[in-house]
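Keep in mind the model is a prediction, meaning the values are calculated, not measured.
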Amino acid sequence: MTQYVFDQLAFVRGQTVKALQDVTEESAAAIPPGFRNSILWQAGHIYLVAERFAFSLQGKEDDIPPSFLASFGPGSSPTSWTESPATLAELTERLRRQSDRIAEAWIGRLHEGAPAPYTTSTGMTMTSTEAFLNFTLYHEGMHFQAIKMYKTMLAAK
């Protein structure tokens with residue numbers, strides 16, 4: 001069962017990276033009418049949350065640049081950015097490497113308890129690394145769908 005979680009993470013991440021391949025930096029920064037975020041924000045948010053769930057909230061060293069929480073954290077929006085965010089190329093590369101880093105860090109150790117329980121904004125409480133990683137699949141799926149929808153909306157302009 002352990003390997004299956006890592007296979008799912010790699011598969012889902014592969015789909016996200018594939019969806020980003022044909023997006024230009026200009027399109028990535030555009031915010032579709034009626035929305036508050038962009039494709040760039042969606043990609044950065046996916047990376048940030050997975051990094052927090054797989055590393056930070058597990059008491060492990062993460063790879064989160066200082067500006068990422070303000071740029072891509074829950075409740076953030078490009079409309080309030082005060083500094084230039086990461087580029088789509090940088091985020092895509094980080095996303096490509098991340099699922100391998102997660103697997104390397106946690107293979108055979110998924111049932112370890114997290115240092116403290118964590119409850120998401122949707123009310124899901126997680127207490128093990130396995131629960132955190134499984135929740136990232138749901139989370140990334142939601143934001144992957146937003147990326148696909150934004151691409152369609154922006155192409156229709």
Side-chain angles (χ1 to χ4, degrees), residues 4-58 60-106 118-126 129-157:
Y4 190 68
V5 170
F6 299 121
D7 290 347
Q8 285 182 313
L9 287 168
F11 174 79
V12 169
R13 183 53 54 83
Q15 295 301 302
T16 299
V17 168
K18 184 177 174 182
L20 296 171
Q21 284 178 339
D22 62 348
V23 176
T24 64
E25 292 286 342
E26 181 182 358
S27 290
I31 299 174
F35 291 88
R36 59 181 305 237
N37 287 311
S38 61
I39 291 172
L40 185 68
W41 183 90
Q42 299 291 337
H45 184 71
I46 289 168
Y47 176 82
L48 174 68
V49 169
E51 199 68 17
R52 289 185 70 223
F53 282 9
F55 299 104
S56 310
L57 295 173
Q58 304 299 318
K60 307 293 183 206
E61 185 176 340
D62 61 50
D63 184 19
I64 301 173
S67 65
F68 274 39
L69 193 56
S71 296
F72 305 117
S76 65
S77 170
T79 60
S80 60
W81 286 346
T82 58
E83 58 185 81
S84 296
T87 64
L88 182 61
E90 177 188 346
L91 288 172
T92 301
E93 185 55 33
R94 284 180 176 278
L95 288 166
R96 274 192 187 100
R97 293 190 318 254
Q98 190 179 49
S99 58
D100 288 340
R101 287 180 41 251
I102 291 170
E104 288 170 13
W106 292 109
Y118 179 83
T119 302
T120 68
S121 62
T122 57
M124 176 75 172
T125 299
M126 299 171 288
T129 302
E130 183 174 34
F132 277 86
L133 295 182
N134 277 311
F135 191 81
T136 64
L137 293 167
Y138 163 76
H139 180 264
E140 187 159 342
M142 288 190 319
H143 291 282
F144 168 75
Q145 183 58 40
I147 290 169
K148 286 176 47 176
M149 180 180 62
Y150 285 15
K151 284 175 64 174
T152 300
M153 293 173 74
L154 292 168
K157 283 177 93 175

**OP:** Please report the shortest heavy-atom distance between S56 and I64, naming the atom on each side.
**Re:** OG-CD1, 3.6 Å
**OP:** Without swapping roles, check the side chain of S71 against the backbone of P85 for a donor-acceptor pair under 3.5 Å.
**Re:** no
Original post:
Would you say the side-chain atoms of S99 pair up with the backbone N or O of L95, donor to acceptor, closer than 3.5 Å?
Top reply: no
Subject >> Check: N37 and Y150 side chains under 4.5 Å, non-hydrogen atoms >> reply: yes
**OP:** For residues P33 and M153, report the shortest heavy-atom separation together with the two atoms involved.
**Re:** O-CE, 4.0 Å
Original post:
Counting N and O atoms only, with roles assigned by atom type, does the side chain of E25 sit under 3.5 Å from a partner on the main chain of L88, one being a donor and the other an acceptor?
Top reply: yes
Original post:
Between I31 and P78, which heavy-atom pair has the shortest distance, and what is it?
Top reply: CD1-CB, 4.0 Å
Subject >> Nearest-0.5 Å distance that lies between atom CG in L40 and atom CD1 in I147 >> reply: 10.0 Å
**OP:** Could you walk me through whether H139 and F53 pass side-chain contact (heavy atoms from CB on, under 4.5 Å), step by step?
**Re:** CA-CA 11 Å; H139 180 264; F53 282 9; 5.6 Å; no
Original post:
Tell me, do E51 and F68 make a side-chain contact under 4.5 Å, heavy atoms counted?
Top reply: no
Subject >> Taking every non-hydrogen atom, the tightest pair across A105 and F55 >> reply: CB-CE2, 3.6 Å
Subject >> Where R36 and S77 come nearest, the two heavy atoms and their spacing >> reply: O-OG, 2.5 Å
Subject >> Ring centers of F135, Y138 separated by less than 6.0 Å >> reply: yes
Subject >> Short side-chain to backbone donor-acceptor contact, R94 and G44, under 3.5 Å >> reply: no
Original post:
Should we count NZ of K148 as having more than 12 external heavy atoms under 6.0 Å?
Top reply: no
Subject >> CE on M149 to CG on L154, rounded to 0.5 Å >> reply: 10.0 Å
Subject >> Sidechain-backbone polar pair: E140 side chain, I46 backbone, donor-acceptor under 3.5 Å >> reply: no
Original post:
Is the shortest side-chain N to carboxylate O distance from R101 to E104 below 4.0 Å?
Top reply: no
Subject >> Interatomic distance, K60 atom NZ to T129 atom OG1 [nearest 0.5 angstrom] >> reply: 7.5 Å
Original post:
Can you tell me how far the CZ atom of R97 sits from the CG atom of D63, to the nearest 0.5 Å?
Top reply: 6.5 Å
Original post:
Taking atom types as modelled, is there a side-chain donor on S27 or T24 under 3.5 Å from an acceptor on the other?
Top reply: yes
Subject >> Nearest atoms (heavy-atom pairs only) where A19 meets F144 >> reply: CB-CE1, 3.8 Å
Original post:
Would a distance-only check, ignoring hydrogens and angles, find a side-chain to backbone donor-acceptor pair under 3.5 Å from T87 to E90?
Top reply: yes
Original post:
Does F72 have its ring centroid less than 6.0 Å away from the ring centroid of Y47?
Top reply: no
**OP:** Drop me the distance from S38's OG to E26's CD, to the nearest 0.5 angstrom.
**Re:** 12.5 Å
**OP:** Report the C-alpha distance between H143 and W41 in whole Å, list the side-chain angles of each, state the deciding distance to 0.1 Å, and finish with yes or no for side-chain contact (heavy atoms from CB on, under 4.5 Å).
**Re:** CA-CA 10 Å; H143 291 282; W41 183 90; 3.9 Å; yes
Subject >> Criterion side-chain contact (heavy atoms from CB on, under 4.5 Å) on E93 and R96, from CA distance to verdict >> reply: CA-CA 5 Å; E93 185 55 33; R96 274 192 187 100; 3.6 Å; yes
Subject >> CE-CG distance between M126 and N134, expressed to the nearest 0.5 angstrom >> reply: 10.0 Å
